[in-house]
Structures are given as structure tokens and as C-alpha cells.
Visitor: 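Please see the structure below; I have some questions.
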2 protein chains.
Amino acid sequence: MNYDEAKNKFISTWGALGTLWGINKAMAQIHALLMISPEPLSMEDIMEELQISRGNTSMNLRQLMDWGIVFKENKMGERKEFFTSEKNVQELARQIAKERSRRELQPTIKVLNDVSNIEEDGTAKTKELIQQTKALHEMANNLDIMMNKVIGQENNWITKALVKLIK
Amino acid sequence: MNYDEAKNKFISTWGALGTLWGINKAMAQIHALLMISPEPLSMEDIMEELQISRGNTSMNLRQLMDWGIVFKENKMGERKEFFTSEKNVQELARQIAKERSRRELQPTIKVLNDVSNIEEDGTAKTKELIQQTKALHEMANNLDIMMNKVIGQENNWITKALVKLIK
DNA sequence: TTAAACTTTCAAAATATTTTGAAAGTTTAA
DNA sequence: TTAAACTTTCAAAATATTTTGAAAGTTTAA
């Protein structure tokens, strides 16, 4: 496998995976491209490499910046904007964990909490609803605590400490 | 909030969340419905409750069974099939972790491994590609180890042990 | 066997998401 | 100011996904 094959394979795999953590193909591919680019890239560069339109590039770059994993960079003497990704994989993981907790887990936890606190009326169906949503609430909460602990830790923490503890 | 409001809220929230771990709305809603139903439900029951077609119900139930979180159940003297979900939340989490590892993480790890083993040719771009995919490979691998440890553990393990260790 | 009671399949329709690209907007240098 | 060099917005088009429901398939009781 040569450089170009490897590069394309990485970009398309990352793109496919991205759809599974809730971001679209173009967004994941832009991220993948920036991830392995030694130099910041301009919008033109990205459009060219991935064969996508200007509008698409602009919108997805903005979203990646919202996620906090891509940054705008200015080059001396250049008018246009350049972009880089967070290159540190640990930091990337922390950022993703943080955003997913905020966007998905927290709202779900709130609903589970609300639902599990309805009034018991003695019927089997109400009992079951309360019991199951309580259990899910506890589990989601634990997951959230875990993710937030990870966020609060030093960078190498996940790799070094947790894996060892778990073995 | 009364029973019906709570039930609907739970079903639609679970449905929305589902799309984020890679299953579609109908599939997640069927799962939610079974999760809080004290009795096994027939295909008719599900169609009726969620207002979805027979075909849709059939296909999504099959997929949930593939995931190993919904089971067919036969009622004495009844010809039609009934369905229940895995009611134990810990077991549900284990099953989801196991399937996600198998379906998403493992294939990605393989690609990362292949890509990070291309031949070094001294250029900056190749060096960056190798370095970044190696780091991602290590991280994905650790995540996979974690998830598989969870799978191997006794049921209450996640809640009881891990959360305490992490505090 | 048969036929009733069910489930599954799959092409077509409906819906949702993504992408495009031109127009509008913004910034900067002169 | 102005106008060139850029970025963003957004309606329309393209594409992808989901849903429907009728037809085909399967199972079971008699």
C-alpha cells in the first residue's frame, strides 16, 4: 500500500465511522484529512482534495469548530483562512466525550429522570415504566460520570491508568 | 405527567437517541416499547402502538434480535409470535458494547493498523500519516479492550466497581 | 393435503438528509 | 471609499434512508 492508497483508505474509513458517532460523511472526511495533514489547509485545498463544494466545506468546517476539534489558523501575509485539527489523540477523545455528554447524554438523563418520577398508581404497566426508566437513568448517569471523569483527567490518563485498572 | 405522557416521552426520546448509536427511529422505538411493557407484545400490538406498517415492524424486530436485545417468545395456545426485550439494563449495556465493538471498532482497528504500517519514505506527509494513524490505532485498541473487559465481567460490575475506581 | 393464520420480502413511494452553487455578505488592502 | 478576495447562506437538486403494503412464503391445525 502506497501513501495515496493509505491516505484514501484512512479518509474513507474515518468518514464511514463518523456517521456512527453522529456526524456526516463530509464532516468526518474533512476531519480525517486535517488529522493527517502536516500543514494547515485552506478551504480551496479541502474542496480540491475531497471533491466537495464550497458551501459544503464551509458548513462542515464550522461544525467541526463547534465541536472544538478543528481550528482556524492565519498565515502571515495570506488573506484566506487555514484550518488544522486537534492533533493530539487524547485531547481529541476528551473533546468528543465532552461534547457527546453535553449534546446527547445530558438531555436523555433529564427525560429519564422526569419519566421515572411519575406517580405510582399501582398498575403493572406504571410499575414497569418506573422501574425500567429508573434503571436506565442510573446507567446513563454512571456513563456520564465516567465520561466527565475522563474529561477532567490529564491527557494520558485513559491509556495509562484505566486500561491497567481494568485488566 | 401521567402514564401515557411519560410513556410517549420515553419512547420518542429513546427513538431520537437510537439514531445516535446507529439504529433507526422505528427500531429504537420498538425497543423502547418492549423495554417498558410488562407483557410480551405481538407484531399487531407493536404496529398498533407505534402506528407503523407490518413490514417495518417485521424488519426492525429481526434486526433487534440480531443485536441480541430482543427475543421471540411463544405463548401457549397462541399461533402468533410475541416479543420481549432484554429487561436487565446491565445485560443490555453489555450486549450493545459487544455488538458495537464487533461491528464498528474492530473493522476500524484493522484499517488503522494496515494504514499505519505503510512504508516510511522520509516525506513529512507520510510521517504524519503513520504517526497519527498509529496514535488512533492505540486509542481504538484501548477502547476495545475496555469494552471487552466490560463484556467479560459480572453484571453489576460497571456500576459498582468502575464508578468507584474512577471517583 | 388444505387452508387459515400468520411472517417475510421487496419494489415503489415517501421522507429525510446532504450537497450544490449562485447570490449575498464580509473583510482587507490600497 | 472602493473593489478584490475571500466566506457564508440558503433554496433547489441530488442522494440516501426509511416506510409502506401487497404479494410471496411459511407454519400449523385439522
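Every chain is numbered from 1, with letters handed out A, B, ... down the list of sequences.
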Visitor: Restricting to non-hydrogen atoms, name the atom on A:Ala32 and the atom on A:Trp14 that form the minimum distance, rounded to 0.1 Å.
Guide: CB-CD1, 3.5 Å

Visitor: Using the side-chain contact (heavy atoms from CB on, under 4.5 Å) criterion, which residues pair with A:Val70? Sequence neighbours excluded.
Guide: A:His31, A:Leu34, A:Leu61, A:Leu64, A:Met65, A:Phe83, A:Ser85

Visitor: Check the pair A:Arg94 / A:Glu86 against salt bridge (charged side-chain N to carboxylate O under 4.0 Å, His left out), numbers first and verdict last.
Guide: CA-CA 11 Å; A:Arg94 287 179 58 197; A:Glu86 173 58 60; over 6 Å; no

Visitor: Roughly, in whole Å, what's the span from CD in B:Glu78 to P in C:dC6?
Guide: 8 Å

Visitor: Check whether any side-chain N or O of B:Glu81 sits under 3.5 Å from a backbone N or O of B:Met43 as a donor-acceptor pair, and report yes or no.
Guide: no

Visitor: With side-chain contact (heavy atoms from CB on, under 4.5 Å) as the criterion, how do A:Arg54 and A:Glu44 come out once you've worked through the C-alpha distance, each side chain's angles and the decisive distance to 0.1 Å?
Guide: CA-CA 8 Å; A:Arg54 186 174 301 283; A:Glu44 293 287 344; 2.7 Å; yes

Visitor: Side chain of B:Lys25 only, please: which of C:dT9, D:dT19, D:dT7 is the nearest?
Guide: D:dT19

Visitor: On DNA chain C, check which nucleotide each of B:Phe83 and A:Thr57 is closest to and give me the residue with the more 5' one.
Guide: B:Phe83

Visitor: Would you call A:Lys110 and A:Asp114 a salt bridge, using N to O less than 4.0 angstrom?
Guide: yes

Visitor: Which residues within residues 64-75 of chain B lie with some heavy atom under 4.0 Å of an atom in DNA chain C?
Guide: none

Visitor: Can you tell me if A:Ser37 uses its side chain to pair, donor with acceptor, with the backbone of A:Pro40 under 3.5 Å?
Guide: no

Visitor: Take the protein atom CG of A:Asn24 and the nucleotide atom C1' of C:dA16, then report the distance between them rounded to whole Å.
Guide: 13 Å

Visitor: For B:Asn60 and C:dT7, what is the distance between atoms CG and C1' respectively, to the nearest whole Å?
Guide: 15 Å

Visitor: Please give, in whole Å, the distance from D:dT19 P to B:Leu61 CG?
Guide: 13 Å

Visitor: Test B:Ile52 against B:Ile30 for side-chain contact (heavy atoms from CB on, under 4.5 Å), laying out the working first.
Guide: CA-CA 10 Å; B:Ile52 55 179; B:Ile30 293 172; 4.1 Å; yes

Visitor: How close or far is atom C1' of C:dT7 from atom CD of B:Gln63, stated in whole angstroms?
Guide: 16 Å

Visitor: Determine yes or no for a side-chain-to-main-chain donor-acceptor pair under 3.5 angstrom, with B:Asp144 supplying the side chain and B:Ala140 the backbone.
Guide: no

Visitor: Provide, to the nearest angstrom, the distance between the NZ atom belonging to B:Lys80 and the P atom belonging to C:dA5.
Guide: 11 Å

Visitor: So, taking the atom named CD in B:Gln132 and the one named CG in A:Leu92, what distance separates them when rounded to the nearest 0.5 Å?
Guide: 9.5 Å

Visitor: Grab the CD-C1' distance between B:Glu81 and C:dA5 for me, whole Å please.
Guide: 12 Å

Visitor: For DNA chain D, which residues in residues 28-56 of chain A have a heavy atom at a distance below 4.0 Å?
Guide: A:Met43, A:Arg54, A:Gly55

Visitor: Please check if any side-chain donor atom of B:Glu120 sits under 3.5 Å from a side-chain acceptor atom of B:Thr126, or the reverse.
Guide: no

Visitor: Of the non-hydrogen atoms in A:Gln106 and A:Arg102, which two are nearest, and what is the gap between them?
Guide: CG-CA, 3.7 Å

Visitor: Once Watson-Crick and G-U wobble pairs under 3.5 Å are found, how is DNA chain D written in dot-bracket notation, 5' to 3', with | for any base paired to another strand?
Guide: ||||||||||||||||||||||||||||||

Visitor: Identify each atom pair where a protein N or O and an N or O of nucleotides 26-30 of chain C are less than 3.5 Å apart, giving names and distance.
Guide:
unit_1, atom_1, unit_2, atom_2, d
C:dT27, O2, A:Arg79, NH2, 3.1
C:dT28, O4', A:Arg79, NE, 3.4
C:dT28, O2, A:Arg79, NH2, 3.3

Visitor: Applying side-chain contact (heavy atoms from CB on, under 4.5 Å), run through A:Ile23 and A:Trp67 and close with a yes or a no.
Guide: CA-CA 10 Å; A:Ile23 72 176; A:Trp67 269 83; 4.1 Å; yes

Visitor: Rounded to whole Å, how long is the line connecting atom CZ of B:Phe82 with atom C1' of C:dA5?
Guide: 13 Å

Visitor: Could you work out, with side-chain contact (heavy atoms from CB on, under 4.5 Å) as the rule, every residue matching B:Gln29, not counting sequence neighbours?
Guide: B:Ile11, B:Lys25, B:Leu50

